[in-house]
Amino acid sequence: MRFAISFLVKCLFSRLLLVFLLLTLPIGAATSQAAGEKKAAHPPMNFILVRSLLCQENCPEWISAEGRITSDTPARLRKILKKIGGRKLPVVFRSEGGDVDAAYAMGRMIRKAGLETAVGGTRLKDCPVGDTRCQAAIAKDGSAVGYTYSSGAYCFSACPLALAGGVSRVSSQWAFIGVHQITTVYNKVRVSYRIEYKIVNGKKKEISRKEVGRKVAGQSSSTKLGKKATAALTAYLKEMGVSEDVIGLMMSATPDNITIVPATEALRTGLITDMLSYNEWPGMPLCAPDAVAEAVCHSHPVVEAPVVAKAPVSQVPVQDAAAETSEELPKTQPMDFLLMSNGNCREECTQWISADGDITPDTPARLKAMLTTLGERKLPIVLQSNGGDMDAAFAMGRMIRAAGLETSIGRTQLPNCPKLDPRCKASIAKSGPTEGEVFAGRAYCLSSCTLVLMSGTPRIVGYSSIGLVRPTMAEYTRFSAYFDEMGVNAETYETMMPATSTERGRIIVPSQALELGIINGIIPYDEEPGLHVCGPEAKESLRCPRKAEAEIVPVAASVN
């Protein structure tokens with residue numbers, strides 16, 4: 001006899017719900033800021049269409065994207081992209097991260113729309129310092145007027161995945177990009193069903209099943225990427241043109257910590273495609289190849305500098321690219337070398353060799369005299385020069401490489417010296433180091449000075465100008481051999497030079513210098529060139545950790 005029996009059965013099973021949580025902890029100024037906001041519950045990311053208040057007409061606009069990435073953030077982004085239509089506005093991110101799947105979706109939307117991305121914060125006009133995106137400054141249509149900033153801005157955790165969607169993506173040495181492990185959270189759910197059976201040939205057969213309730217029965221998490229999560233991340237990075245090495249960077253930090261990605265690594269892996277210079281800001285669009293000099297955009301096309309001499313490079317001081325760096329440079333003079341210090345060298349100070357002026361045939365002898373005076377002390381050499389004699393530059397570079405010294409670019413300012421004579425004789429110490437300061441801003445190393453710069457181990461720059469020069473045909477063999485010695489790609493260098501004229505120069509940005517190997521590092525935003533070695537009698541401290549090494553040879557005199 002067939003009959004139907006209806007009854008309620010509770011069945012327990014585990015259903016896996018995949019959630020990505022990305023957290024931030026204090027690491028330096030930016031991470032501390034992010035962590036503090038986290039405690040106050042970061043608001044979900046919102047988008048504001050902002051127009052720059054720093055210009056009068058044809059002002060750039062950008063989409064300011066700040067806050068935590070949540071599952072509904074892609075919908076908000078889609079809404080503002082629909083609003084701007086076909087306009088190609090940069091997206092400027094400041095975010096502690098959030099949902100990984102949402103970040104993937106955002107990156108793909110940005111790439112499909114052909115938009116640029118940047119790391120930066122946005123301050124709206126007339127907003128208080130503690131509320132830089134105040135509602136009062138936002139119009140009813142969601143637009144506002146304001147400006148962006150790099151210093152202390154951050155893009156952490158899932159945010160770099162969204163940033164990667166930009167067709168060009170930029171940051172600066174004053175902003176932070178951070179990654180860490182993805183945490184997968186598994187929720188155990190107790191589900192109750194109403195199940196109907198019937199007996200067929202003496203056996204029970206299920207004929208319907210209906211869920212009638214569910215309750216969370218526990219939770220577990222893991223930082224191990226499963227096969228599906230790994231495949232999804234790898235495919236996304238490949239799609240965006242970002243190296244899989246980023247996965248290694250992510251796995252190097254636990255979810256309770258974060259790895260700050262250095263600018264060199266961000267460029268190498270493709271997380272960013274260029275660095276903003278000190279006079280560029282997030283939200284600036286990328287310059288078109290034919291952009292005029294007055295255009296408000298970043299990475300301006302390089303214009304060949306005017307011819308300044310008809311003699312070979314090795315016979316005259318080269319000043320071909322100086323016009324790019326400053327309208328009024330101090331009058332040039334042969335390069336001299338000063339032993340500099342900043343601070344109390346019996347307690348804690350920094351010391352460096354300031355090398356300033358044109359490179360002449362006798363410059364290597366002056367450098368040798370300075371190095372002999374210092375003995376085995378490895379002080380960094382901070383360069384500022386328009387260039388000059390190429391053979392002398394070769395000799396200086398080989399001397400610096402043999403001594404294992406660091407090179408960088410910087411302006412050394414002596415106290416009580418006029419602006420156009422920053423190394424006035426009256427302020428130079430008669431013996432021992434001369435007190436002064438050093439700055440990366442508006443500093444320059446042009447033409448053959450770059451040959452000296454590339455000899456450092458390491459060789460680092462901040463927001464300073466680097467200039468290239470093309471050798472004559474007669475000089476090319478020695479030029480190429482020197483590049484091989486210094487581990488710099490001469491062929492790539494050659495492709496970046498003007499097609500004609502040995503007397504023309506070219507300014508390059510730090511990212512290009514990194515690509516060529518001219519430099520191998522960028523000075524952090526909160527440091528200046530030469531911040532390296534303490535005085536020979538300095539006490540043990542955080543900035544002077546190797547007292548024994550610093551005491552090798554006390555310096556008795558300065559060499560000019």
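Summarising the geometry, atom CG belonging to Leu286 is positioned 12.0 Å from atom CZ belonging to Arg169; distances are rounded to the nearest 0.5 Å. Considering CG of Asn257 and CD of Gln181, their distance stands at 10.0 Å, rounded to 0.5 Å. How far CD1 of Ile519 is from OG1 of Thr407: 9.5 Å, rounded to the nearest 0.5 Å. Rounding to the nearest 0.5 Å gives a distance of 10.5 Å between CG of Leu379 and OG of Ser341. If you take CD1 on Ile80 and CG on Leu89, they are separated by 8.5 Å, rounding to the nearest 0.5 Å. Note that the SG atom of Cys445 and the CG atom of Leu383 stand 5.0 Å from one another [nearest 0.5 Å].
Side chains of Leu249 and Val261 form a contact here, defined as non-hydrogen atoms less than 4.5 Å apart. Phe156 has its side chain within reach of Ile260: a pair of non-hydrogen atoms, C-beta onward, lies under 4.5 Å apart. The shortest distance between side-chain heavy atoms of Leu49 and Arg87 falls below 4.5 Å. Side-chain atoms of Val92 and Ile63, non-hydrogen and from C-beta on, never get closer than 4.5 Å to each other. Put simply, the side chain of Ile460 does not reach to within 4.5 Å of the side chain of Ile522, judged on heavy atoms. Using a 4.5 Å heavy-atom threshold, the side chains of Trp62 and Val91 count as separate. The closest side-chain heavy-atom distance from Leu271 to Val242 is below 4.5 Å. The shortest side-chain heavy-atom distance between Tyr149 and Arg94 falls under the 4.5 Å cut-off.
In terms of modelled atom types and a separation under 3.5 Å, the side chain of Thr230 and the main chain of Lys227 share no donor-acceptor contact. In this structure a side-chain-to-backbone donor-acceptor pair under 3.5 Å is present from Lys88 to Ala113. A distance-only check finds a donor-acceptor pair linking the side chain of Asn520 to the backbone of Arg459 [under 3.5 Å]. Although no hydrogens or angles enter the test, the distance criterion places a donor-acceptor pair under 3.5 Å between the side chain of Tyr236 and the main chain of Leu161. Side chain of Asp99 to backbone of Ile69: no donor-acceptor contact under 3.5 angstrom is found. In terms of modelled atom types and a separation under 3.5 Å, the side chain of Arg111 and the main chain of Met240 share a donor-acceptor contact. With hydrogens and angles disregarded, no donor-acceptor distance shorter than 3.5 Å links the side chain of Thr450 to the backbone of Leu446. Ser143 contributes no side-chain N or O that, together with a main-chain N or O of Ala139, makes up a donor-acceptor pair within less than 3.5 Å. Arg123 places no side-chain N or O within donor-acceptor distance of the main-chain N or O of Gly146, the cut-off being under 3.5 Å. Under a 3.5 Å cut-off, the side chain of Ser464 and the backbone N or O of Ala440 do form a donor-acceptor pair.
In terms of heavy-atom proximity, Thr117 sits nearest to Leu163 at OG1-O, 2.8 Å. Closest approach of Ala144 and Ile138 over heavy atoms only: CB-CA, 4.3 Å. Heavy-atom minimum distance, Ile177 versus Pro160: CG2-CG, 3.9 Å. For the residue pair Met45 and Gly67, the shortest heavy atom distance occurs at CE-O, 3.4 Å. Closest of all the heavy-atom pairs between Leu276 and Ser150 is CD1-OG, 4.4 Å. Across every non-hydrogen atom of Pro74 and Ala102, the tightest pair is CG-O, 3.6 Å.
Using a cut-off of 4.0 Å between Lys/Arg side-chain N and Asp/Glu carboxylate O, Glu239 and Arg108 are scored as salt-bridged. Salt bridge annotation for Glu61-Arg51: absent, with no cationic side-chain nitrogen under 4.0 angstrom from a carboxylate oxygen. Ion pair Asp245/Arg268 flagged as a salt bridge, since at least one NZ, NE, NH1 or NH2 atom sits closer than 4.0 Å to an Asp/Glu carboxylate oxygen.
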As a quick check of understanding, evaluate side chain to side chain contact (heavy atoms under 4.5 Å, CB included) for Val167 and Glu116, giving each step before the final call.
CA-CA 5 Å; Val167 291; Glu116 302 168 28; 4.1 Å; yes
Using the rule given for side chain to side chain contact (heavy atoms under 4.5 Å, CB included), can you reason through Val145 versus Leu124, listing the C-alpha separation, both sets of side-chain angles and the distance that settles it, and then say yes or no?
CA-CA 6 Å; Val145 176; Leu124 302 184; over 6 Å; no
Ile381/Trp352 under side chain to side chain contact (heavy atoms under 4.5 Å, CB included): CA gap, chis, key distance, verdict
CA-CA 6 Å; Ile381 295 181; Trp352 68 96; over 6 Å; no
Could you check Gln351 against Met340 for side chain to side chain contact (heavy atoms under 4.5 Å, CB included), going step by step and ending with a plain yes or no?
CA-CA 5 Å; Gln351 292 189 322; Met340 301 297 304; over 6 Å; no
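Under the 3.5 Å distance criterion, with hydrogens and angles disregarded, a donor-acceptor pair is assigned to the side chains of Ser64 and Thr122. For the residue pair Arg68 and Thr73, no side-chain donor N or O sits within less than 3.5 Å of a side-chain acceptor on the partner. Between the side chains of Asp356 and Ser354, no donor-acceptor pair of N or O atoms lies under 3.5 Å. Between the side chains of Thr412 and Arg423, no donor-acceptor pair of N or O atoms lies under 3.5 Å. Side-chain polar atoms of Ser299 and Asp274 form a donor-acceptor pair below 3.5 angstrom.
For Thr259, the side-chain hydrogen bond (donor to acceptor under 3.5 Å, both in side chains) test picks out Ser252, with sequence neighbours left out.
Atom CD of Glu435 is surrounded by 12 or fewer heavy atoms from other residues, nucleotides or ligands within 6.0 Å.
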